[in-house]
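Here is the structure we will look at, set down as structure tokens.
Within every chain, numbering begins at 1; the chains are lettered A, B, ... in the order of the sequence lines, protein sequences first and strands thereafter.
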Amino acid sequence: MAAKKPRLAVWKFASCDGCQLSLLDCEDELLAVAGAVDIAYFPEATRGEISGKYDVSLVEGSVTTAHDAERILDVRARSRVVITIGACATAGGIQALKNFADVKEFTAAVYAHPEYIHTLATSTAISAHIKVDFELRGCPINKMQLVEVVSAFVAGRKPVTPAHSVCIECKLKNNVCVMVAHAKPCLGPVTHAGCGALCPSYDRGCYGCFGPMETPNTVSLSRQMAHLGMSRADLKRVYSTFNVNAEEFRKERERHG
Amino acid sequence: MATDHVSVTIEKQGLQSLIDILAKRGYRVVGPTLRDQAIVYDDIARVDELPAGWTDEQDGGTYRLQRRDDGALFGYTVGPHSWKRFLHPPIQQLWKAARSADAATVEATPAEPERFALFGVRACELHAIAIQDKVFLHGPYVDSHYKARRDNAFIVAVNCGKAGGTCFCVSMNTGPRVSNGYDLALTELVEGGKHRFVVEAGSDKGRDVLAGLPKQPASSGDLDAAKKVTEKTAASMGRSMKADDVRELLARNLEHKRWDEVAERCLSCANCTMVCPTCFCVSVEEASDLAGVESSRSRRWDSCFTMDYSYVHGGSVRSTTRARYRQWMTHKLSTWWDQFGTSGCVGCGRCITWCPVGIDITEEVAAIRSSEPQ
């Protein structure tokens, strides 16, 4: 038990910081986390320079610049285990909407001097650039799942983060199905579990924040949501959020124009 | 079941006395009540928590509450919950372990002594409980957690006064009238401005509780009226399935093209298995704390529709939705016979109603059947 604590680093790429903040938001568990690992680099929380190797790196955010595409290679080289956290890092995030638009047109519309903006035409997942050892889904991630992932890493076991539908989480919680009983369109049947069925627990359809589940049948679900009144534009929009660049959601989005 | 069963009638207030007596005897009374635009099973303390004057309209992938034009307390069918939630809960810790400097201890999680009074159990649900009894109690291994809850449970059954749009208990020979497996059975009579319940006792425990209720002897007219209630229900089933040879039908159609067609619709979301009152599968999960001092093992409802369910070293055995849907349906209707000597389906219709895209097990059987030479 007296073994040296693993060194942990937290890295930020293109993101809102919300997933990193989930770690600080752990409060009750934070002391235990700090007791189990040596938080060696975490600019959001503490001062510390990048130095040497890390046993585990948590990576938040997507790659949207040439500089970041280089930087992620350095992160990989310094890390024994790379764990990506959140929809930006695992799928490209909401900013991946630019993958379907003209970035030059955007920068011209937004910035007074677009010539200073150096950005790639796409926002891509970390796994598009380096080998990733584990992906934790969510926008934002669920802090209890983050603690589970860190606990599993420390214990050398597989994390319990099932890839089945959100529906199972609803049923474990006793929720009444909002789609069947309230005729509300819901992405739960095609969405990866992990949030604890947050929105359906508050009588809302699932927004798909955790991205596609293991075997999503988006075509069948879209047919039913159209039956419940969604237009083609609505259907395109529901798949065009935080996980728009996840393959199954992207393909389903494209089917609707 | 004793053949010399007592039949009496009680008033609506008598039901309140029944709830009170059960609560006084230490039971946690759970029964139908309104929540989130559905009739769910939850704790009840008063008769007026029952869904008086409500009914449900059900079809594939749709469930809607409607008002009735009477004050019936049981004028609906089965909803999103089943009693397995109480007898075989979604998450059950099995053991926990702790490590100190020089030793490790493992402690089995004791079976909870919780005493449930299940209030308003339908005939199909009694059959579902009997099926889970076979799984958990009558095999070579007795599940102590299930046994503790089951042994302590008191069952107040209700004969169905209405068939739902997705009900097919008549086909499965499981209802709508209860035959055994209850402590007390109610039949609701709402007619001519009178609202009463015929009550029959099915066990000594039931007779004992019945003795404490304010009651009248049931007349032959009352018993006739009660019989007519379930006859009418039986004649108005929303669905049907020819079930006498379905075991063999599916066994000889494992490569039928219908499996491909249903897989095109199936979401593999697992809702059907979660709502099924006989599905009993679980996954076993480990949890360990950050300090590496404590760990525990729990089981949680799982489904043959997940990839993890059939995962063995290197991958999932049933990687396609076709394989998973076929596994579920053939197990339910065919190989359940091989394994447990009964059907695994009681005709409650939940898998039809609560499938988000309304896949209908009776329709799937009919489609496979219709492709064979008659």
Side-chain angles (χ1 to χ4, degrees), chain A residues 1 3 26 29-37 147-148 150-158 160 162-183 185-186 188-191 193 200-201 203 213-221 223-225 227-228, chain B residues 35-42 56 58 60-65 79-81 85 89-91 99 101 263-271 273-275 283 285-293 295 298 300-303 305-309 316 319-321 324 353-359:
Chain A
M1 291 309 293
C26 283
E29 297 82 15
L30 197 54
L31 282 176
V33 172
V37 296
V147 171
E148 165 61 13
V150 174
S151 303
F153 167 76
V154 169
R157 62 172 174 83
K158 196 179 165 215
V160 180
H164 56 58
S165 69
V166 171
C167 300
I168 290 184
E169 296 193 301
C170 261
K171 292 298 186 276
L172 297 179
K173 282 182 87 173
N174 232 352
N175 286 347
V176 173
C177 178
V178 300
M179 190 147 163
V180 170
H182 309 161
C186 176
V190 298
T191 298
S201 302
D203 198 20
M213 52 86 95
E214 55 194 6
T215 54
N217 187 346
T218 52
V219 174
S220 177
L221 183 69
R223 196 186 299 132
Q224 184 69 8
M225 293 198 298
H227 177 69
L228 293 176
Chain B
R35 173 166 70 75
D36 298 335
Q37 301 168 56
I39 293 163
V40 300
Y41 295 148
D42 209 342
D56 48 29
Q58 302 194 34
T62 161
Y63 176 99
R64 298 288 179 274
L65 287 184
H81 295 168
R85 162 163 311 285
I91 295 169
R99 177 159 61 183
E264 187 264 324
R265 297 175 63 206
C266 175
L267 301 169
S268 65
C269 61
N271 274 305
T273 53
M274 296 286 118
V275 296
S283 174
E285 293 177 345
E286 313 289 339
S288 61
D289 71 343
L290 279 157
V293 173
S295 70
S298 298
R300 139 181 105 67
W301 287 358
D302 197 7
S303 167
F305 282 90
T306 71
M307 290 288 271
D308 275 352
Y309 182 86
S316 293
S319 60
T320 63
T321 299
R324 295 202 288 278
T353 300
W354 298 97
C355 172
V357 295
I359 294 172

Can you tell which of [options] has the highest number of heavy-atom pairs within less than 4.5 Å of chain A?
| options | answer |
| --- | --- |
| Gly79(B), Cys266(B), Ala287(B) | Cys266(B) |
| Asn271(B), Val40(B), Asp42(B), Asp289(B) | Asn271(B) |
| Glu286(B), Arg300(B), Gln58(B) | Arg300(B) |
| Ala38(B), Pro80(B), Gly61(B) | Gly61(B) |

* Which atom pair, heavy atoms only, marks the closest approach of Ser165(A) to Cys269(B)? ->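 What the structure gives for the nearest pair is OG-O, 2.7 Å.
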* Structure fact -> Of all heavy-atom pairs linking Ala155(A) and Ser288(B), the shortest is CB-OG, 3.8 Å
* List the steps and the verdict of side-chain contact (heavy atoms from CB on, under 4.5 Å) for Val176(A) and Gln37(B). => CA-CA 8 Å; Val176(A) 173; Gln37(B) 301 168 56; over 6 Å; no
When only pairs under 4.5 Å are counted, which of [options] shares the most heavy-atom pairs with chain B?
| options | value |
| --- | --- |
| Val180(A), Asn217(A), Val160(A) | Val180(A) |
| Met179(A), Met225(A), Lys171(A) | Lys171(A) |
| Asp203(A), Asn174(A), Val166(A) | Asn174(A) |
| Ala181(A), Cys167(A), Pro162(A) | Ala181(A) |

Does any backbone or side-chain atom of [X] lie under 4.5 Å from a heavy atom of chain A? Answer side chain, backbone, both or neither.
| X | answer |
| --- | --- |
| Arg35(B) | both |
| Arg265(B) | both |
| Thr353(B) | both |
| Ala101(B) | neither |
| Val357(B) | both |

* Asked: What part of Val154(A) gets closer than 4.5 Å to chain B, counting heavy atoms only: side chain, backbone, both or neither?
  ->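 The side chain, not the backbone.
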* **Side chain / backbone / both / neither for Ala163(A) at chain B, heavy atoms under 4.5 Å** => neither
* Asked: Between the side chains of Thr215(A) and Ser268(B), is a donor N or O closer than 3.5 angstrom to an acceptor N or O?
  -> yes
* Do His164(A) and Asp308(B) get their side chains close enough for a donor-acceptor pair, meaning under 3.5 Å? ->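 Asp308(B) and His164(A) do not have a side-chain donor-acceptor pair below 3.5 Å.
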* With side-chain contact (heavy atoms from CB on, under 4.5 Å) as the test, would you mind laying out the steps for Ile168(A) and Trp301(B) before giving the verdict? => CA-CA 8 Å; Ile168(A) 290 184; Trp301(B) 287 358; over 6 Å; no
* Gln224(A) (side chain) donor-acceptor with Pro356(B) (main chain) under 3.5 angstrom -> yes
* Can you tell me if Ser220(A) uses its side chain to pair, donor with acceptor, with the backbone of Leu267(B) under 3.5 Å? -> no
* Salt bridge between Glu264(B) and Arg223(A), side-chain N to carboxylate O under 4.0 Å? ->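 The answer is yes: the pair qualifies as a salt bridge.
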[X] [atom1] to [Y] [atom2] distance, which is reported to the nearest 0.5 Å:
| X | Y | atom1 | atom2 | value |
| --- | --- | --- | --- | --- |
| Leu172(A) | Arg85(B) | CG | CZ | 8.0 Å |
| Tyr63(B) | Cys177(A) | OH | SG | 12.0 Å |
| Leu290(B) | Glu148(A) | CG | CD | 9.5 Å |

